[in-house]
Amino acid sequence: MTETTYREALRQALTDSMRRDPSIVILGEEVGKYGGAYGVTKGMLEEFGEARVRDTPISEEVIVGTAVGAAMTGLRPVAELMYVDFVTLAMDQLVNQAAKIRYMFGGQIGVPMVLRSQGGTGRSGAAQHSQSLEAWMMHTPGLHLAMPSTVTDAYHLLMHALTLHDPVVFLEHKGLYTMKGELKPERALPWGKAEVRRKGGDCTLVSYSRMVHFCLDAADSLSKEGIEAEVIDLRTLHPLDMDTVSESVSRTGKAMVVTEDCLTAGVSAEISARIMEEAFDFLEEPVLRLSGEDIPIPVSPELEKGSVPSVDRIISTAKMLMRR
Amino acid sequence: MTETTYREALRQALTDSMRRDPSIVILGEEVGKYGGAYGVTKGMLEEFGEARVRDTPISEEVIVGTAVGAAMTGLRPVAELMYVDFVTLAMDQLVNQAAKIRYMFGGQIGVPMVLRSQGGTGRSGAAQHSQSLEAWMMHTPGLHLAMPSTVTDAYHLLMHALTLHDPVVFLEHKGLYTMKGELKPERALPWGKAEVRRKGGDCTLVSYSRMVHFCLDAADSLSKEGIEAEVIDLRTLHPLDMDTVSESVSRTGKAMVVTEDCLTAGVSAEISARIMEEAFDFLEEPVLRLSGEDIPIPVSPELEKGSVPSVDRIISTAKMLMRR
Amino acid sequence: MTDQQEKQQALRFFRQLVRVRIFEERVSELFVQGGTAGSMLHLSIGEEAGAVGVMGAMREGDGFTTHHRGHGIFLARGADPKKMMAEIAGKSTGYCRGKGGSMHIADRGLGHLGANAIVGGGISHVVGAGLTYQMKHHGNAAVAFFGDGAMQQGVLYESMNLSALWKLPVMFVCVNNEYGMGTRLDHASASLEFEKRAETFGLLAAEVDGIDVFEVYNQSKNLLEDVRKGNPAFLKVNSYRFHGHARMDKSPYRDQQEEEEGRKKDAIAFLRDRIVKSGWYQETECDAIVEEVKQEMDEALNHARNAADPGADEMYEDVFDPQTTKPFPVDSRIRESLHLPQA
Amino acid sequence: MTDQQEKQQALRFFRQLVRVRIFEERVSELFVQGGTAGSMLHLSIGEEAGAVGVMGAMREGDGFTTHHRGHGIFLARGADPKKMMAEIAGKSTGYCRGKGGSMHIADRGLGHLGANAIVGGGISHVVGAGLTYQMKHHGNAAVAFFGDGAMQQGVLYESMNLSALWKLPVMFVCVNNEYGMGTRLDHASASLEFEKRAETFGLLAAEVDGIDVFEVYNQSKNLLEDVRKGNPAFLKVNSYRFHGHARMDKSPYRDQQEEEEGRKKDAIAFLRDRIVKSGWYQETECDAIVEEVKQEMDEALNHARNAADPGADEMYEDVFDPQTTKPFPVDSRIRESLHLPQA
Ligand SMILES: Cc1ncc(C[n+]2csc(CCOP(=O)(O)OP(=O)(O)O)c2C)c(N)n1
Ligand SMILES: Cc1ncc(C[n+]2csc(CCOP(=O)(O)OP(=O)(O)O)c2C)c(N)n1
Ligand SMILES: [Mg+2]
Ligand SMILES: [Mg+2]
């Protein structure tokens with residue numbers, strides 16, 4: 001088994017795709033010479049040259065707008081926002097333009113682009129460098145939304161994103177880049193399929209991105225105490241595979257959604273509501289939401305940690321869920 | 001009974017507040033000479049002068065940023081975005097700045113500002129002039145969020161917003177400006193309290209803004225068929241008064257959330273999940289979400305109408321909910 | 001240009017200018033008759049020369065975006081007035097099948113990358129189109145049309161900078177009609193030195209009086225030559241918005257004298273005068289063109305009136321590539337969760 | 001300034017410059033010892049004169065915002081290094097009680113309206129502060145400090161325009177250190193005529209060599225006189241970023257020769273030389289100041305190391321005015337929904 005990091009898997013997907021498809025260009029701040037703030041595009045300038053790996057000025061709105069225009073005319077841009085927090089500067093281009101162009105123009109023009117960024121806590125980045133903003137994009141019709149948790153998914157989801165004809169928001173987690181794992185090149189679950197990462201019949205934990213690993217660790221501990229949790233990794237938030245989730249909840253009767261984004265009106269609200277809608281008759285307890293606190297992220301490492309779910313809290317919450 | 005329009009009630013609240021508090025200034029596109037794109041600030045330039053009623057260039061980001069800076073230093077700005085769709089251009093200032101400043105700075109500096117805007121369908125404004133984006137703000141810690149449905153609330157909520165020490169997003173509905181009603185100057189339900197607009201014991205309809213009226217109309221029709229729906233108007237989405245909602249659902253056992261925003265990861269997801277969390281034992285059916293379709297808003301008046309809930313669909317959905 | 005060429009060009013320009021004017025008049029009628037989709041209709045009467053002059057200098061393969069006041073620009077590009085009018089009416093035979101409307105018309109074939117209802121929203125798209133042309137279709141240019149109001153949107157300057165930095169074949173055309181809604185340009189911008197400003201972002205820049213379509217054409221042509229070589233440019237076309245901001249606006253914020261003066265900047269009258277005075281053609285020949293155009297536009301109007309609304313289910317189409325994912329209709333979802341049969 | 005005044009001023013400036021330099025060196029130590037909250041630490045070594053010179057020309061009552069590289073600016077304003085260092089360490093005695101950190105330091109009392117981690121994020125706040133001063137505190141000025149990288153953010157131009165349009169007492173200070181992360185300014189901006197550019201937005205503009213704190217001071221003073229009268233201004237201070245972008249960055253994208261040249265732009269060495277050569281003070285007197293400052297900053301460092309972390313429950317404080325609403329903790333919510341007693 002060869003071990004690869006999440007970061008390398010992403011780079012591999014970009015590289016393999018660019019070798020295959022000459023219309024792919026990368027643009028963003030520091031993606032070239034610097035190799036990306038988190039090193040994802042390191043070495044790619046050397047292989048693909050300045051025409052295809054493009055350092056931009058610090059102009060988020062025009063980075064995304066340029067990607068939109070390029071995508072409309074025949075390129076397949078991969079635009080990078082260094083932190084997802086900066087999407088606040090490009091929401092018009094993402095939401096009012098990229099996501100709506102196919103629709104507004106009656107299906108004439110697609111916008112095949114990938115917007116890569118990274119979010120989440122873990123580096124004391126404070127309130128403007130640690131957010132998880134995927135709920136905004138999930139709420140925007142016209143966008144695909146992928147949030148890989150594993151090395152293999154980092155590769156395959158990005159590969160697939162680079163074949164779609166619509167905009168894909170591709171959100172990585174800053175805490176996963178150095179994570180190692182096996183990259184299984186042959187296997188690829190279809191786009192939009194959730195993956196059951198661990199089987200279990202007592203309760204269902206639904207998650208994505210970094211929190212999947214927290215759930216798996218928690219499930220291991222719970223197992224020692226006789227509780228078998230099923231862990232589902234959504235992989236993409238659009239399309240959203242509720243079938244896999246509902247099937248599991250129909251067996252366990254107990255569900256908990258674990259996300260890093262702020263709880264109120266976040267992703268866990270949607271998943272929770274959907275579980276109720278699709279598996280109401282099976283639910284023995286309300287679906288629980290273990291999400292980020294409804295606060296800006298504080299810089300203090302201790303407070304930061306406390307502001308999002310931890311393995312311990314997943315364990316204790318699962319026990320509460322299982323108590324009767 | 002003297003009848004007032006929603007638009008006039010808003011103007012009255014601005015006027016009364018500005019007479020009382022000299023630190024209030026209004027800024028935005030066309031708020032002065034033009035009197036506001038929807039006429040809310042008509043005549044205010046004449047009363048308060050150019051120093052306090054300020055026309056701005058078409059620069060949404062700096063409109064909100066200027067309001068933030070003014071609020072931090074002792075003014076109480078009311079910034080207007082002509083359409084809530086344009087908040088996409090000012091999300092950094094709203095989300096990364098206004099909402100987080102008190103927190104990031106350890107409580108030292110508040111941002112007492114009101115961001116007024118209007119959203120919703122009804123004027124064939126198409127995909128970039130018809131959105132309902134309140135879920136994004138509801139998902140942002142640090143923001144108050146008011147969405148008045150009546151003439152009286154338009155007045156009192158805006159009056160109250162102009163006394164808070166934190167940023168308030170105040171979202172009007174373009175379809176309500178010409179609505180008439182009695183402005184009851186004496187009464188004001190507290191900020192953050194929902195209002196039961198109609199009593200009923202069979203099912204609970206939860207809504208806010210324009211959809212409250214659709215729910216009330218539907219409830220009248222349902223009543224003729226023997227179904228008594230309780231209609232709750234949330235009034236503010238932050239604070240969110242779930243007590244009133246849960247109490248109602250604990251009586252009716254059946255709930256339906258009616259909103260105009262896109263369904264997925266929208267406001268109705270949060271309300272639905274909260275109802276399950278707080279009234280699980282009383283629920284006889286899954287909480288239903290009757291929200292906007294997950295599509296950009298089309299320009300065709302017929303399609304536009306079909307893209308959001310209608311009175312008829314509220315009626316038919318309520319009947320389905322009551323069927324067994 | 002030889003005199004003969006100029007003469008023929010003049011007549012072509014005249015027809016185009018008249019087409020824009022009369023098209024907009026018909027849009028206005030459609031509105032009055034309640035036939036348009038909504039009231040957010042922005043007529044470009046008074047700005048015809050900007051549309052016709054710049055478009056005259058563009059080539060097949062070039063791409064462009066427009067602002068919300070873009071009917072004339074698209075028409076000058078060769079749009080079918082029937083499909084335009086139908087789109088403005090929100091009908092199924094429109095350019096965007098009734099989904100976009102006046103503010104979101106586009107046509108891939110003609111290189112129209114879209115009208116935009118966000119002031120400044122389409123400007124950065126031409127930077128991207130310019131990038132595509134630089135990499136794949138050398139020689140093509142991408143042109144952004146926008147109003148004077150967009151001069152106050154930051155994205156314009158980000159776009160200028162990136163175009164200059166990457167040497168993209170991009171031209172920024174400011175259709176200056178003196179107003180952004182009720183705000184006169186000098187109340188929106190502290191400085192009016194826009195050409196100098198563009199130069200400090202590394203662009204070529206020029207200004208032209210929009211009364212004279214030939215001037216607009218010549219300036220555009222000159223700039224576009226450099227643009228195609230990778231020197232992005234900025235062009236300001238000065239004109240006046242003859243009517244209100246949108247169809248309902250009567251411009252009470254403008255004084256009559258100013259309006260009268262402004263409406264003298266009439267490119268059609270100006271060109272007609274020149275055509276006749278130069279002895280190129282007779283008044284009657286001009287009149288004949290006007291009549292022909294009227295008929296063309298009446299037909300467009302009739303077409304739009306009689307065209308069908310889009311079918312209710314089309315609402316769910318075009319959100320995504322049809323091969324992939326589709327919206328889950330709200331009602332289907334509700335029925336599913338209640339275990340009821342689908343309607 | 002008389003010679004005597006100049007001499008005293010020189011010593012004050014010297015102390016301030018040294019304070020910034022040594023403070024940053026101590027921040028760096030704190031980082032190496034694992035004592036900072038995170039690694040997003042941006043040192044302003046090499047940019048001391050911009051901070052000290054501009055601040056020297058500012059007055060009590062003036063407000064300002066900074067970018068992410070703002071330690072020196074705040075220190076020059078009179079910040080307490082203990083509270084700064086504690087904040088950088090994420091401790092409860094810090095300026096922001098350990099919630100903001102290096103990139104979000106602020107102090108209402110000193111008019112610091114906040115460091116900002118969004119490039120360009122704090123620029124428009126001074127437009128608002130300027131509005132407040134124009135209406136309520138005539139004579140005060142609001143100053144935005146930002147890097148050369150922010151010259152490519154559209155919000156800067158929107159801010160310039162609005163300040164000029166409304167005649168606000170605002171100054172925009174670009175702390176040009178030649179780099180935005182790994183990108184040299186000439187790879188980020190097609191044109192470097194920033195002063196001319198500011199002029200085309202209606203501002204006064206100047207450029208100054210950041211090696212000479214007196215020059216920075218004088219230019220700022222001149223501009224601020226006009227600024228206070230309602231003529232907004234732009235000032236570019238040229239310097240060089242001696243170290244990497246953030247504490248972990250070793251600047252592999254810069255060549256050694258360039259770095260060596262760049263580091264010669266040392267405002268401290270420059271001023272010391274002048275002090276000694278002018279016979280104002282002896283080397284030993286300068287050394288004594290350095291020693292004093294070292295002690296001051298060592299104390300700050302120790303304070304930060306030993307200060308307490310914020311209490312876990314403080315996480316929920318300061319989201320809203322305490323009189324109004326508070327976050328509903330996730331765990332309480334879960335317990336409530338399971339009818340379990342609160343922990
Ligand atoms: C981002 C944004 N802000 C505001 C508006 C509302 N609005 C529509 S057109 C317009 C005026 C635009 O003026 P200008 O750019 O000069 O174009 P013109 O209407 O004069 O052709 C405004 C403010 C908008 N559509 N988008
Ligand atoms: C909006 C935004 N984009 C990108 C970043 C990431 N980033 C942080 S500092 C920086 C470089 C800024 O350069 P400059 O403005 O010159 O300031 P300097 O670091 O040189 O002081 C970048 C790209 C950010 N923090 N905010
Ligand atoms: Mg205009
Ligand atoms: Mg810099």
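Closest non-hydrogen pair, A:Gly65 versus C:Ser124, comes out as CA-OG, 3.2 Å. Taking every heavy atom of both residues into account, A:Val62 and C:Ser159 meet most closely at CG2-OG, 3.2 Å.
Between the side chains of A:His165 and C:Gln323, no donor-acceptor pair of N or O atoms lies under 3.5 Å.
Within residues 61-69 of chain C, no residue has any heavy atom closer than 4.5 Å to a heavy atom of chain A. Within residues 102-115 of chain A, the residues that have a heavy atom under 4.5 Å from a heavy atom of chain C are A:Arg102, A:Tyr103, A:Met104, A:Phe105, A:Gly106, A:Gly107, A:Gln108, A:Ile109, A:Gly110, listed by number. The stretch residues 77-98 of chain C places C:Tyr95, C:Cys96, C:Arg97 near chain A, each with some heavy atom under 4.5 Å from a heavy atom of that chain.
Between chain C and the options A:Arg54, A:Met72, A:Glu61, A:Arg274, heavy-atom pairs under 4.5 Å are most frequent for A:Arg54. Per-residue counts of heavy-atom pairs under 4.5 Å with chain A were compared for C:Lys136, C:Glu314, C:Glu336; the largest is that of C:Lys136. Heavy-atom pairs under 4.5 Å with chain A peak, among C:Asp321, C:Thr324, C:Val319, at C:Asp321. The candidate with the highest count of non-hydrogen atom pairs below 4.5 Å against chain A, out of C:Ile334, C:Asn116, C:Ile123, is C:Asn116. Residue with the most contacts toward chain C among A:Ala67, A:Ala51, A:Gly69: A:Gly69 (heavy-atom pairs, distance under 4.5 Å). By number of non-hydrogen pairs under 4.5 angstrom with chain C, the leading residue of A:Pro22, A:Gly74, A:Pro239 is A:Gly74. Interface check for chain C: of the options A:Arg52, A:Glu50, A:Glu278, A:His144, the most heavy-atom pairs under 4.5 Å are formed by A:His144.
Using modelled atom types, no side-chain atom of A:Glu277 and backbone atom of C:Ser337 make a donor-acceptor pair closer than 3.5 Å. Without hydrogens or angle criteria, A:Gln93 side chain to C:Gly121 main chain gives a donor-acceptor distance under 3.5 Å.
Residue contact with chain A, scored on non-hydrogen atoms closer than 4.5 Å, involves the backbone and the side chain of C:Leu131 alike. For C:Ile118, the part lying under 4.5 angstrom from a heavy atom of chain A is the side chain only. Only the backbone of C:Ala115 comes within contact range of chain A, with heavy atoms under 4.5 Å apart. Residue A:Ile63: no heavy atom, backbone or side chain, is found under 4.5 Å from chain C. With a 4.5 Å cut-off on non-hydrogen atoms, A:Leu143 touches chain C through its backbone but not through its side chain.
A:Leu240 places none of its side-chain heavy atoms less than 4.5 Å from the side chain of C:Phe328. Side-chain contact between A:Thr73 and C:His125: absent, with no pair of heavy atoms (C-beta onward) separated by less than 4.5 Å.
With rounding to the nearest 0.5 Å, the separation of CE in C:Met160 from OG in A:Ser59 is 13.5 Å. The line from CH2 of A:Trp191 to OG1 of C:Thr325 is 11.0 Å long, rounded to the nearest 0.5 Å. Between A:Asp55 atom CG and C:Leu165 atom CG the span is 10.0 Å, to the nearest 0.5 Å. Here CD1 of A:Ile58 is found 11.0 Å from CG of C:Asn161. Values are rounded to the nearest 0.5 Å.
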Q: For C:Asp318 and A:Lys100, run side-chain contact (heavy atoms from CB on, under 4.5 Å): C-alpha distance rounded to whole Å, both residues' side-chain angles, the deciding distance at 0.1 Å, then the answer.
A: CA-CA 9 Å; C:Asp318 304 324; A:Lys100 296 180 171 49; over 6 Å; no

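Ring-centre distance between C:Phe320 and A:His238: below the 6.0 Å cut-off.
C:Tyr157 is linked by a side-chain hydrogen bond (donor to acceptor under 3.5 Å, both in side chains) to C:Arg197, counting only residues two or more places apart in sequence or in another chain.
The environment of C:Gln342 atom CD is dense: over 12 non-hydrogen atoms of other residues, nucleotides or ligands sit within 6.0 angstrom.
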